[in-house]
Student: 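The structure under discussion is supplied below as structure tokens; questions concerning it will follow.
On a predicted model such as this, the values are computed, not experimentally measured, just so you know.
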Amino acid sequence: MINQNNILETIHMIDEEDLDIRTITMGISLLDCADSDIDEACKKIKNKILKYAKNLVKVGDDISKEYGIPIINKRVSVTPISLLQSVSGGDCTKYAICLDECAKELGINFIGGYSALVQKGMTQGERELIESIPKALSITERVCSSVNVGSTKAGINMDAVKLMGEIVRKSAEVTADRNCIGACKLVVFCNAVEDNPFMAGAFHGISEPDVVINVGVSGPGVVRTAIKKAGADKSMDEIAEIIKKTAFKITRMGQLVGTIASKRLNVPFGIVDLSLAPTPAVGDSVAYILEEMGVEHCGGPGTTACLAMLNDAVKKGGVMASSSIGGLSGAFIPVSEDAGMIAACKSGSLCLEKLEAMTAVCSVGLDMIVVPGDTSASTISGIIADEAAIGMVNSKTTAVRIIPAIGHDNEAELEFGGLLGSGPIMPISKVKCDKMIDRKGRIPAPLQSLKN
């Protein structure tokens with residue numbers, strides 16, 4: 001039973017603690033749009049996306065007004081475009097332009113799926129898509145790209161890792177006049193999931209239904225407030241219980257929105273991703289949650305332990321609140337999108353190496369990290385390889401979204417705007433890894449992959 005206190009509590013969370021539905025994302029399969037003629041394929045893509053998503057923004061806005069629940073973004077994710085490129089060949093950026101036109105016509109903020117899954121090897125179409133990413137992201141506004149280079153089952157494709165270091169740097173170079181925004185829309189994964197509603201990593205997996213609605217919920221401010229109210233005398237296990245109960249309440253709201261959106265759009269409801277995704281807004285920060293637990297500054301001793309507990313408690317609390325929990329679900333630590341993380345980096349308490357340690361226990365990885373403009377492609381590849389190794393060995397999703405600040409050597413930070421925020425330029429190790437990256441090949445899957 002939902003009583004009056006529960007309703008008032010949720011209203012308070014929305015009004016004063018930045019609780020929101022971060023995104024409603026419609027996943028659309030484009031497998032039936034594949035065609036040997038790329039122009040014909042693009043026509044099919046546009047027709048299908050506009051057919052299913054034409055009312056997505058309106059439904060999201062209507063639900064927000066009727067229920068008083070902020071729904072920040074409406075998005076679309078599609079089948080990895082590399083699969084269509086493998087059929088059609090041709091200029092791959094035509095697909096990117098088509099997706100961007102769809103996004104603008106629909107009024108959504110991002111469309112994801114300019115992607116390739118190459119954890120074990122690359123087809124010609126997948127290589128063509130990857131090599132086209134810098135240009136595709138420079139000539140579009142709303143297209144997001146992702147590449148999966150490793151998995152626990154397959155190991156790490158070091159050929160792809162080397163290539164992605166070069167692609168990330170080129171994506172920043174060709175958009176240097178726009179604060180390297182291209183690299184902000186590109187993420188490199190290990191163990192990428194097929195039902196992630198959050199950008200830039202969203203794509204519609206090939207095992208997903210033809211069309212589906214996935215919801216991403218966010219509420220770092222709510223969790224921080226709950227811990228603060230509990231007081232300093234609570235033990236860590238009591239704090240974990242508070243987080244679980246709070247995550248349950250947050251997830252119920254996501255379940256409600258997803259169910260209503262599914263009915264109104266006549267599309268199956270997929271999952272709720274209950275990730276604590278921060279924003280640049282003051283108070284809407286995962287770092288502040290960790291500090292509320294008792295760490296003086298995020299990055300100090302105890303940070304990784306607190307983050308591990310937070311991630312686990314969020315999952316445990318949310319799993320009973322929804323018909324299906326999926327996506328990434330847990331805690332995100334994107335530096336440029338988290339006011340607390342930005343402050344910790346500027347104060348010196350949080351460095352790249354500590355962030356890497358934290359990624360072993362959070363939901364994603366090194367996300368929205370700005371590094372000096374002279375950072376080499378091989379160094380970026382080394383960072384990608386390290387993160388992929390953490391994901392592979394721990395059977396979890398890890399990712400790298402790193403932005404080399406090309407042409408911004410005299411600046412302290414880059415401003416991206418909106419939810420992307422602004423990122424301080426973080427120092428990075430000058431130790432080279434060129435020889436290791438140039439070996440290429442494949443890092444074999446770990447022993448825990450042998451589960452059959």
Student: Mark yes when over 12 heavy atoms from residues, nucleotides or ligands other than K354 sit less than 6.0 Å from its NZ; otherwise mark no.
Tutor: yes
Student: Without swapping roles, check the side chain of S64 against the backbone of G60 for a donor-acceptor pair under 3.5 Å.
Tutor: no
Student: Could you list the residues that satisfy side-chain contact (heavy atoms from CB on, under 4.5 Å) with D367, not counting sequence neighbours?
Tutor: P334, R401
Student: Just how far is it from atom SG of C92 to atom CD1 of I130, taken to the nearest 0.5 Å?
Tutor: 10.0 Å
Student: Check whether S336 reaches the backbone of G423 with its side chain - one donor and one acceptor, N or O, closer than 3.5 Å.
Tutor: no
Student: So which heavy atom on F198 is nearest to which on G216, and how close?
Tutor: CZ-CA, 3.7 Å
Student: Are K430 and D374 packed together at the side-chain level, in the sense that at least one heavy-atom pair is separated by less than 4.5 angstrom?
Tutor: yes
Student: Is it the case that over 12 heavy atoms from other parts of the model lie below 6.0 angstrom from the CG atom of L447?
Tutor: no
Student: Just so I know, are the side chains of P424 and I342 near enough to count as touching, which here means a heavy-atom distance under 4.5 Å?
Tutor: yes
Student: Roughly how far, to the nearest 0.5 Å, is the OG atom of S395 from the CD atom of Q448?
Tutor: 5.5 Å
Student: Should D210 and K48 count as an ion pair when the cut-off is N to O under 4.0 Å?
Tutor: yes
Student: Could you tell me whether the side chain of L186 reaches within less than 4.5 Å of the side chain of Y114, counting heavy atoms only?
Tutor: no
Student: I'd like to know if the side chain of N179 reaches the main chain of F416, judged simply by a donor and an acceptor atom lying under 3.5 Å from each other, with no hydrogens or angles considered.
Tutor: no
Student: When rounded to the nearest 0.5 angstrom, what is the spacing between CD1 in I81 and CZ in F203?
Tutor: 12.5 Å
Student: Evaluate side chain to side chain contact (heavy atoms under 4.5 Å, CB included) for N311 paired with K396, printing each intermediate quantity in order.
Tutor: CA-CA 12 Å; N311 211 54; K396 70 180 290 293; 5.8 Å; no
Student: Look only at the side chain of T152 and the backbone of S449, and say whether a donor-acceptor pair between them is shorter than 3.5 Å.
Tutor: no
Student: Test your reading of the model: is there a side-chain donor-acceptor pair from S146 to the backbone of V187, 3.5 Å cut-off?
Tutor: no
Student: Would you confirm whether H297, through its side chain, and E291, through its main-chain N or O, come within 3.5 Å as a donor-acceptor pair?
Tutor: no
Student: Considering all heavy atoms of both residues, which atom of A385 and which atom of I156 are nearest to each other, and what is their separation?
Tutor: O-CD1, 4.1 Å
Student: Looking only at heavy atoms, what is the nearest atom pair of I227 and I242, with distance?
Tutor: N-CG2, 4.5 Å
Student: Walk me through it: do I108 and K74 pass the test side chain to side chain contact (heavy atoms under 4.5 Å, CB included)?
Tutor: CA-CA 5 Å; I108 58 177; K74 298 86 182 175; 4.3 Å; yes
Student: Please give me the minimum heavy-atom distance between H408 and E411, naming the atom from each residue.
Tutor: ND1-OE2, 2.7 Å
Student: Please determine whether a side-chain nitrogen of the Lys or Arg among E292 and K228 lies less than 4.0 Å from a carboxylate oxygen of the Asp or Glu.
Tutor: no
Student: Minimum heavy-atom separation for V193 and G327, please, with both atom names.
Tutor: CG2-O, 3.6 Å
Student: Check whether more than 12 heavy atoms from other residues, nucleotides or ligands sit under 6.0 Å from atom CE of M320, and answer yes or no.
Tutor: no
Student: Do P404 and V168 come close enough that some side-chain heavy atom pair is under 4.5 Å?
Tutor: yes
Student: Show your working on side chain to side chain contact (heavy atoms under 4.5 Å, CB included) between M392 and I443 and close with a plain yes or no.
Tutor: CA-CA 10 Å; M392 176 183 72; I443 293 179; 4.2 Å; yes
Student: Do other residues, nucleotides or ligands put more than 12 heavy atoms under 6.0 Å from I206 CD1?
Tutor: no
Student: For the residue pair L84 and I38, establish whether any side-chain heavy-atom pair is separated by less than 4.5 Å.
Tutor: no
Student: Regarding D338 and S285, is there a side-chain donor-to-acceptor distance under 3.5 Å anywhere?
Tutor: yes
Student: Compute whether any side-chain donor of one residue and acceptor of the other, for S88 and Y95, lie under 3.5 angstrom apart.
Tutor: yes
Student: Quick one: are D312 and I243 in side-chain contact, heavy atoms under 4.5 Å?
Tutor: no
Student: What I want to check is whether the side chains of S422 and E413 have a donor and an acceptor closer together than 3.5 Å.
Tutor: yes
Student: Taking atom NZ of K315 as the centre, report whether more than 12 heavy atoms of other residues, nucleotides or ligands fall under 6.0 Å from it.
Tutor: yes
Student: Please check this pair: side chain of S329 against backbone of L274, looking for a donor-acceptor N/O pair closer than 3.5 Å.
Tutor: yes
Student: In Å and rounded to the nearest 0.5 Å, what is the CD1 to CD distance from I111 to E101?
Tutor: 11.0 Å
Student: Is there a donor-acceptor pair closer than 3.5 Å between any side-chain N or O of S262 and the backbone N or O of V267?
Tutor: yes
Student: Measuring from atom CD1 of I181 to atom CG of L420, what distance do you get when rounded to the nearest 0.5 angstrom?
Tutor: 5.0 Å
Student: In the structure I gave you, are the side-chain heavy atoms of L163 and V118 within less than 4.5 Å of one another anywhere?
Tutor: no
Student: Testing the 3.5 Å rule here: is there a donor-acceptor pair between the side chains of R22 and N73?
Tutor: no
Student: Mind checking the CE-CD1 spacing from M158 to I437? Nearest 0.5 Å is all I need.
Tutor: 4.0 Å
Student: If the test is side chain to side chain contact (heavy atoms under 4.5 Å, CB included), which one of I425, I403, I402, L366 qualifies with V371?
Tutor: I402
Student: Does R178 offer a backbone N or O that forms a donor-acceptor pair with the side chain of T175 under 3.5 Å?
Tutor: no
Student: Go through the steps to decide whether N109 and R142 satisfy the test side chain to side chain donor-acceptor pair (under 3.5 Å), and finish with yes or no.
Tutor: CA-CA 6 Å; N109 71 323; R142 309 184 192 199; over 6 Å; no
Student: Would you check if the side chain of T397 reaches a backbone N or O of N191 as a donor-acceptor pair within less than 3.5 Å?
Tutor: yes
Student: Under a 4.5 Å cut-off applied to non-hydrogen side-chain atoms, are I383 and I428 in contact?
Tutor: yes
Student: Between M426 and V370, is the side chain to side chain contact (heavy atoms under 4.5 Å, CB included) condition met? List the steps.
Tutor: CA-CA 6 Å; M426 300 182 68; V370 186; over 6 Å; no
Student: Tell me whether K170 is salt-bridged to E166, with the criterion being a basic N under 4.0 Å from an acidic carboxylate O.
Tutor: no
Student: Looking only at heavy atoms, what is the nearest atom pair of S29 and P209, with distance?
Tutor: CB-O, 4.3 Å
Student: Suppose we screen for salt bridge (charged side-chain N to carboxylate O under 4.0 Å, His left out). Which residues come up paired with E141, at least two apart in sequence or across chains?
Tutor: K104
